Amino acid sequence: MSLAINVEHLTKQYENQTVISDLTIQINVGEVIVFQGPSGVGKSTFLRCLTYLEPFQKGCIQVGNLELRPNMDIRKEKLVIQSVREQIGFVFQFFNLFPHLTVLENLMLAPQVVLNEERQKAMEYGIDLLKRVNLEHKAMSYTGTLSGGQKQRIAIARALAMRPKVMLFDEPTSSLDPEMKEEIAEVIANFAKDGLTILIVTHEPAFVERIATRVVKFGPQGAILSDQKKSKWNLWSNS
Ligand SMILES: Nc1ncnc2c1ncn2[C@@H]1O[C@H](COP(=O)(O)OP(=O)(O)O)[C@@H](O)[C@H]1O
Ligand SMILES: [Mg+2]
């Protein structure tokens, strides 16, 4: 098994408060890990450190052959940080879609601007992703007209348009109605089957039961209270 992300002795403080203390965890390619734990133990902060949306004070994070270190100079080391962000897609609780763009344009923007993809190619891949989240018929709609579950499926497709190796989900269904939670779980399960490495912060039982290959429970300051591997069989059953 090869490592997707290697976190060693990560310590993160906000001013005087230590939010993550000496966290070490290895994440293998293709794992689908659900992170759980009470509010405030640093789950979101942990995900944000992985893409250097938050700098940290100690330890190191390796993403493929790239390395994030404490207190990096964001301007001088822009290339490393950008490369990490290109490899890791991030989907948040709220969708952060661009309201002035159509659904398809939302998916085409970053690949063209960041990856210099040709418009035609970005469009084809965008449509392909829309099919996979069952929203091809919404390609020309503005995002304001979509339901919460549809917005979240677009947010997932948009992150995937950048062809990331790893996807992070921070409570992706907590602002959705129960039936929409199911459809998001379904969409993520389908991408999980393709071997994408996926980290999800959620308390939704459907994710643990159907998608997770590993469940990690955080206690205060990002302490790992339990780390349980599950049979990958779960991915293929009940779907
Ligand atoms: N930008 C910030 N500035 C200062 N403190 C923060 C910031 N973000 C989070 N915190 C604090 O860090 C702790 C962990 O937060 P968070 O990572 O959001 O936890 P979780 O996602 O597990 O609920 C909390 O005490 C929170 O108040
Ligand atoms: Mg959180």
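Every value quoted in this text rests on a predicted model; they were computed, and no experiment measured them. First listed ligand is number 1; within each ligand, the first listed atom is number 1.
For residue S44, an N/O/S atom approaches the Mg ion (ligand 2) to within less than 2.8 Å.
Using modelled atom types, no side-chain atom of E186 and backbone atom of E183 make a donor-acceptor pair closer than 3.5 Å. Without hydrogens or angle criteria, R85 side chain to T51 main chain gives a donor-acceptor distance under 3.5 Å.
Between Y52 and F56, the ring planes are perpendicular. Angles over 60° get that label, and only those under 30° would be called parallel.
The 4.0 Å heavy-atom shell around ligand 1 contains residues Y14, Q17, V19, P38, S39, G40, V41, G42, K43, S44, T45, ordered by chain and number.
Look at K12 and D22 and you find no salt bridge, because none of the NZ, NE, NH1 or NH2 atoms lies under 4.0 Å from a carboxylate O.
Atom CD of E118 is surrounded by 12 or fewer heavy atoms from other residues, nucleotides or ligands within 6.0 Å.
Annotation: F46 is in aromatic contact with F218 [ring centroid separation under 6.0 Å].
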